[in-house]
There are 2 protein chains.
Amino acid sequence: MATGRTHRPATRSRGIPEATVARLPLYLRALTALSERSVPTVSSEELAAAAGVNSAKLRKDFSYLGSYGTRGVGYDVEYLVYQISRELGLTQDWPVVIVGIGNLGAALANYGGFASRGFRVAALIDADPAMAGKPVAGLPVRHTDELESIIRDNGVSIGVIATPAGAAQQVCDRLVAHGVTSILNFAPTVLSVPEGVDVRKVDLSIELQILAFHEQRKAGEESAAPADLAAAGATAADAAASPAARAGADGGRKGPDGDVPAVMPA
Amino acid sequence: MATGRTHRPATRSRGIPEATVARLPLYLRALTALSERSVPTVSSEELAAAAGVNSAKLRKDFSYLGSYGTRGVGYDVEYLVYQISRELGLTQDWPVVIVGIGNLGAALANYGGFASRGFRVAALIDADPAMAGKPVAGLPVRHTDELESIIRDNGVSIGVIATPAGAAQQVCDRLVAHGVTSILNFAPTVLSVPEGVDVRKVDLSIELQILAFHEQRKAGEESAAPADLAAAGATAADAAASPAARAGADGGRKGPDGDVPAVMPA
DNA sequence: CCATCTTTGTGCACGCGTTCACAAAGACAT
DNA sequence: ATGTCTTTGTGAACGCGTGCACAAAGATGG
């Protein structure tokens, strides 16, 4: 998956491990799908498969919530949907503001996954006066000046930052100053916030870089096994000394079948 | 931050822990910023602060890469930028395709963070014939039919899926069939892929749900402290012993305002 | 050349998360 | 009722990641 964790250090909430909390939405989605197909019950095995996790892990996760589930039968889908929703706080309405209505901000505003989960986009905010009033996803873009009143009037406690990196900290500070205590940050910056404020970060380029790392490793292992050994043996000092030598090493990519690729694409 | 990890189980790549790999892009960004300001060296303390992590952790992370750094001085910025870039595979060009050019796909196509990191958008692909040829972010949208040739001709090994959930698995299968071995998935679905293919997932609504969980907890702690203590006191054993008792027990749960949920749904 | 001071690199301990494996709980059939 | 069969809930072991704390390395000054 794709996220990092600029998170609370180690404060486990109630008794529920952070890792479990992060999986609850996953289970919820799978359960919702089952619910729509009117499936009455699921076993941990089935549900785990649908959510893409280990069944033992799933059972343990649920055990933190309590003993829902019947031995020999499985879990009642509807009941579990309700319990998880409640645990995640989705039974209530969460007004959110999106700040920074560029390409990404607009895409977020249009994203359907929010509304369907109890999140209501209370306002779209942008610093550019030219944007003010322009309708995006059915809502008029408001100017940053209105930020405070918007937060106050709507009781907003969750903010989404989709501004350029340079503006993010400033926007963050203003959000926090006016009462926002949870922030979802799409700007590629480390935000510093006071104690008690949660920040989660989504960084698109980081995800790609992680994939690139593994991709490189795959390519290297396959085609250049000896070269790889050499690289492993020769400590970084060597490799650094001659970047050219390295550039030549990762040429071979695996095709869909076993065909051995020729040279690297220029 | 914002991602999950539908990842390789436990196979640590080379000797570098997965957690470390995930932080390297963070360090790289901070270092790049320093580099642009022509700062020659940084201490682990300074860099750690800039990247938002613990300095001990940072030093340990770097120790996996090798012994770059001079005691009493710190790390050479330029050198470290190079080393990390190389380790992440960013010294080479990674052509990527983006499939599904809706709001999100278009936003991704326009996202500057890719190009600046060695990622090149080789093509934008959409299933809608009406989209074909339309320019997005300076590139003409191509139709799904061309998927295979695009991947082949460009040597694409990384694919980004930004389609609706329903189409994601199918797109994924086609990508994989034609040689893509790393996928960044924005569709809210669990993708199943063969061994050897890496999937990372970015799920916007999941991030919000996690924030909502903590937000709820914060609100609850404040207003319903005693109820919270009671819940903490009763160990799982109690609750497990009698599901009925439990159902009743969590009646007094912290709502934002203290509303008590009724009974369980049938 | 020696002393001092800074900063790295890492051994070690601890805690969280994952997984195995199984006993207990309940459904269902006889 | 009793027995069988399924599936949960969890105790226990293990491994990874984190953070402390310190020894070693090197710079710097005398």
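In what follows, every heavy atom counts, from backbone to side chain, and hydrogens, waters and symmetry copies are set aside. Residue numbers start from 1 in every chain, and the chains themselves are labelled A, B, ... in the order their sequence lines are given, proteins ahead of strands.
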Discussion item. Between A/Ile206 and A/Lys201, is there a side-chain heavy-atom distance shorter than 4.5 Å?
Written reply: yes
Discussion item. Run the side chain to side chain contact (heavy atoms under 4.5 Å, CB included) test against B/Ser182 and tell me which residues pass, sequence neighbours left out.
Written reply: A/Leu211, A/Glu215, A/Lys218, B/Ile158, B/Asp198
Worksheet item: Start at the 5' end of DNA chain C and walk down; is the nucleotide closest to A/Thr20 or to B/Arg59 reached first?
Response: B/Arg59
Worksheet item: Taking only residues two or more places apart in sequence, or in another chain, which ones meet B/Phe62 in a ring pair (Phe, Tyr, Trp, His ring centres under 6.0 Å)?
Response: B/Tyr27, B/Tyr75
Discussion item. Just the rounded figure in Å: distance from C1' of D/dA21 to CG of B/Asn54.
Written reply: 12 Å
Worksheet item: Which whole-number value in Å describes the distance from B/Leu58 CG to C/dT8 P?
Response: 9 Å
Worksheet item: Within a strict 4.5 Å, meaning less than it, do heavy atoms of the A/Phe114 and B/Leu208 side chains meet?
Response: yes
Could you run down the sub-3.5 Å N/O contacts of the protein with nucleotides 5-7 of chain D?
unit_1: D/dT7; atom_1: O4'; unit_2: A/Gly72; atom_2: N; d: 2.9

Fill in: Nearest-Å distance for atom pair CZ/P, residues A/Phe62 and D/dT10
14 Å
Response to the item:
Correct closest heavy-atom pair for B/Val176 and B/Pro194 would be CG1-CG, 3.7 Å
Item to complete: Take atom CG of B/Asp76 and atom P of C/dT8, then tell me their distance rounded to the nearest Å.
Response: 13 Å
Discussion item. Taking only side-chain N and O atoms of B/Arg23, does any of them lie within less than 4.0 angstrom of OP1 or OP2 on D/dT18?
Written reply: yes
Worksheet item: What residue pairs, at least two apart or across chains, pass salt bridge (Lys or Arg N to Asp or Glu O under 4.0 Å) with a residue in residues 62-82 of chain B?
Response: none
Worksheet item: Under the 3.5 angstrom rule, does the side chain of A/Gln169 hit a backbone N or O of A/Ser192 as a donor-acceptor pair?
Response: yes
Worksheet entry | Nucleotide D/dG11, atom C1' - distance to OH of A/Tyr64 in whole Å | 12 Å
Item to complete: Taking side chain to side chain donor-acceptor pair (under 3.5 Å) as the test, write out the residues that go with B/Ser205, two or more places apart.
Response: B/Asp203, B/Gln209
Worksheet item: Can you check the A/Lys57 NZ to D/dT10 C1' distance for me, whole Å?
Response: 17 Å
Discussion item. Output the rounded distance in Å from OH (A/Tyr79) to P (D/dT8).
Written reply: 16 Å
Discussion item. A/Ser85 and side-chain contact (heavy atoms from CB on, under 4.5 Å): which single residue from A/Thr91, A/Thr32, A/Leu24 fits?
Written reply: A/Thr91
Worksheet item: Across the strands shown, which category fits B/Ser67 at heavy-atom distances under 4.0 angstrom: base, sugar-phosphate, nothing?
Response: sugar-phosphate
Each nucleotide N or O in nucleotides 12-15 of chain C that has a protein N or O under 3.5 Å away: list the pair and distance.
unit_1: C/dC12; atom_1: N4; unit_2: B/Lys60; atom_2: NZ; d: 3.2

Discussion item. Can you measure B/Glu18 atom CD to C/dT18 atom C1' for me and round it to whole angstrom units?
Written reply: 16 Å
